[in-house]
Amino acid sequence: MPEINYVREKMPVQDPSVRVRNFNEVALGYDAETAIKEASRCLDCKKASCKDGCPVGIDIPAFIKLIKEGDFNGAIAKIKEKNSLPAICGRVCPQESQCEKNCVLAKKGEAVGIGRLERFAADYEMRREKIKLKKPATSSGRKVAIVGSGPSGLTAAADLCQMGHEVTLFEALHTPGGVLVYGIPEFRLPKNIVAREIENIKKLGVKICTNMVIGKIYTLDELLNDGYDAIFVGTGAGLPYFMDIPGENLNGVYSANEFLTRSNLMKAYLFPEHLTPIYIGKRVAVIGGGNVAMDAARTALRLGAEESFIIYRRSDKEMPARHEEVEHAHEEGVQFYFLTSPTGIEGNEQGWVKGLNCLRYELGEPDGSGRRRPVPIEGSDFFMPMDTVIMAIGQGPNPLVPHTTPDLETNRWGNIVADEASGRTSKTAVFAGGDVVTGAATVILAMGAGKKAAQAIDEYLKN
Amino acid sequence: MTNHILFKIQRKVVLGPKLKLMDIEAPEIAAKALPGQFIILRTDENGERIPLTIADLDREKGIITIIFQEVGRSTDDLGEMEAGECLQDFVGPLGRPSEIETFGTVVCVGGGVGVAPIYPITRAMFEAGNRVIGVIGAKTADQLILQEEMERVCHKLHVVSDDGSIGRKGLVTAPLQRILDEEKIDRVIAVGPLVMMKAVCEVTKAYGVPTIVSLNPIMVDGTGMCGGCRVAVGGETRFACVDGPEFDGHKVDWDEARQRSRMFLPQEKAARECKGGGCTCRK
Ligand SMILES: Cc1cc2nc3c(=O)[nH]c(=O)nc-3n(C[C@H](O)[C@H](O)[C@H](O)COP(=O)(O)OP(=O)(O)OC[C@H]3O[C@@H](n4cnc5c(N)ncnc54)[C@H](O)[C@@H]3O)c2cc1C
Ligand code: FES
């Protein structure tokens, strides 16, 4: 029996002092040798509980074994049996709370770097440009419309196409990809990777129509009347929340969505070659503790902010962001204010942000989410001078589709009500999944929902 | 239902100094758009998303007409495009349509390039059986647009200019005030620069006449995703791209709207200057 190695192979990264000045990818990925070494740490457990942690059910021990044996093509083929966007998932999944959490090595040391190995296999395939696509089944003669091109829509589209249906994907923005292109920054998920995955989906035969805001240009009923036999709605959670505190409309206050869309989708970091402007002051405060907040705080530094702060009302343990992103943010010099929340934003005479009034919190009893509820400490208010404030406190579902589809049931937060196993909604022939159903969640859960819905749509179309 | 991806400029007309009209081939949008709605376009890969209110449309020919003033780098770039060329992106119809009903007597006020969006609203009000009084204005005669078109859809049309080179000398509020003194008005709709819309609302408020304005704040996506277009209306924050662009003018926080419209002024200036090259906008 080989010795158990509890220490994970290091991921090569760009040096923090260099990377805060550029938008290039931070984590550089394993090379073949390191990947084989890391794969060799896997104990190939009989009862591999890592698999249970994967929302799309990748056969993890099998693909790791193939990497260990140097069969990288075999490894990626194994992954792709279940996951059509591995280069993306390898980069952005919260592995530490999914597959890697279940790894037996994690009990005494570091889990096998499953995400890193997934990324390695996917990048290996991309580099060789030898992407094998499954042959679509014979045409079913059925037409499916997909609304929204985020991970849920892309996954549903790819699967349905391979099942032989004619698939058209409608996207409101000018570039497909959803949060993968407008939200998650280049330095975490290079856009050429997303573009390549989308090219592959197009090669399968999916027709992608950008600049189409469903609910405006066509309603769901119009699509159904126009010959689509079924619809999958994957419009995400794109509606930014604000805190409803004084001063939120001052100049210098953004939603994280606006800030990140300007920078990522519109490439404001390349202004003025790209014409969309972005304003960034010297001191930037980001309110929130999720991936969105980390992305905004780190983007701010790269755009030239001198200081970037995360202001989060709970403690570091409750932060929902991926561990790796929090670590990277620390390394890059993002400053964290935990148990702190703003009560108002102060402005100057011209209407520009001057600073934040904040209140300190302490943790009380656990709330509905199981996390301890933050309670304000009386008399703890203090002022933080700021030039820019970015709200990253969450997003809700975009109401354009539900508002124009009266018989599509939504819950009190506006999420579309859909059956978890099938994505079936209250409206015949209409299925939904991803953030629009669950509220803001993760890429992999959205993909899982797209997959299940594709299955259910296929069955629905056969009957 | 095919996605029309070639947004060809079918016709380009120079209406005045820095004022241009373009007919864009966009049959799917033309089939759907209603008065008061807008589109967002990009000239090329590196372009900004520019929101423009629809000035006219032809459902049969599949044409959306836009009228714009060259006020910055992006509209300069658009103005340089010629008939036969294609826009990179063209998306719509966005926003809520105008509320068109038989209100009685309606005054439609348009200032500057705001005459373009007021025109389809005026026509719809006219066709809905309202008595329609138009008030349009511009700085100078050569900047006044759509006068003939407006005449056709107004029972009465007042024209003003800042310098008196066409119509009466003065602001749109002067004839508006007279109209309000003379007869009972059921509704006023105003589209134009922020200062004009604010002034119109101040005048109509004293008479208690419901007044609708069409706001054009800074936008990015136009689908409710970024919140960059937020405006305070009646103490509540609304997203102009999905909740508007039309709002009750008496409830709009005009000072905030003006302040927000200035958010990117230094960058806008830099982008415009940089066009010729040799600028200093890069750090
Ligand atoms: C900044 C940021 C960072 C994140 N980081 C991570 C991470 O590291 N790891 C992780 O797992 N998750 C992360 N998430 C969450 C993850 O991105 C989402 O859970 C996931 O993208 C949801 O996928 P979706 O398919 O439901 O919708 P989305 O990705 O939101 O895509 C929805 C698409 O639908 C389009 N659309 C909306 N309305 C319409 C309409 N009416 N007509 C046509 N199209 C429409 C939108 O334009 C969009 O392109 C992050 C989210 C953000 C915002
Ligand atoms: S323009 Fe982004 S929400 Fe209105």
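These figures come from a predicted structure and were not determined experimentally. Reminder, nothing fancy here: chain letters follow the sequence lines and each chain counts from 1.
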Using non-hydrogen atoms and a 4.5 Å limit, figure out which bit of [X] sits close to chain B: side chain, backbone, both or neither.
| X | result |
| --- | --- |
| K216(A) | both |
| F259(A) | neither |
| N398(A) | side chain |
| I217(A) | both |

Under 4.5 Å from any heavy atom of chain A, what part of [X] do you find: side chain, backbone, both or neither?
| X | answer |
| --- | --- |
| D253(B) | neither |
| Q37(B) | side chain |
| R49(B) | both |
| I218(B) | side chain |
| F90(B) | backbone |

Got a donor-acceptor contact below 3.5 angstrom from the [X] side chain to the [Y] backbone?
| X | Y | result |
| --- | --- | --- |
| K12(B) | G79(B) | yes |
| S98(B) | P35(B) | yes |
| N348(A) | K354(A) | no |
| Q395(A) | G236(A) | no |
| E85(B) | I9(B) | no |

- Given L94(B), V242(B), D221(B), the one that forms side chain to side chain contact (heavy atoms under 4.5 Å, CB included) with V213(A): L94(B)
- Task: Test C161(A) against every option in I201(A), L169(A), V167(A), V144(A) by the side chain to side chain contact (heavy atoms under 4.5 Å, CB included) rule and name the one that passes.
- Result: V167(A)
- Message: Which heavy atom of S149(A) sits nearest to which heavy atom of E171(A), and what is that distance?
- Response: OG-OE1, 2.7 Å
- Message: At a heavy-atom distance under 4.5 Å, which candidate from R262(A), Q350(A), K267(A) has the highest pair count against chain B?
- Response: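 Highest number of heavy-atom pairs under 4.5 Å: R262(A).
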- Task: Please determine, among D244(A), I278(A), T261(A), the option with the most heavy-atom pairs under 4.5 Å with chain B.
- Result: I278(A)
Sort out for me which of [options] touches chain A most, counting heavy-atom pairs under 4.5 Å.
| options | result |
| --- | --- |
| G95(B), G222(B), P266(B) | G95(B) |
| E256(B), E45(B), R230(B) | R230(B) |
| Q259(B), R262(B), E48(B), Q267(B) | Q259(B) |

- salt bridge (charged side-chain N to carboxylate O under 4.0 Å, His left out) evaluation trace for K32(B) with E222(A): CA-CA 12 Å; K32(B) 245 353 228 276; E222(A) 284 167 331; 2.4 Å; yes
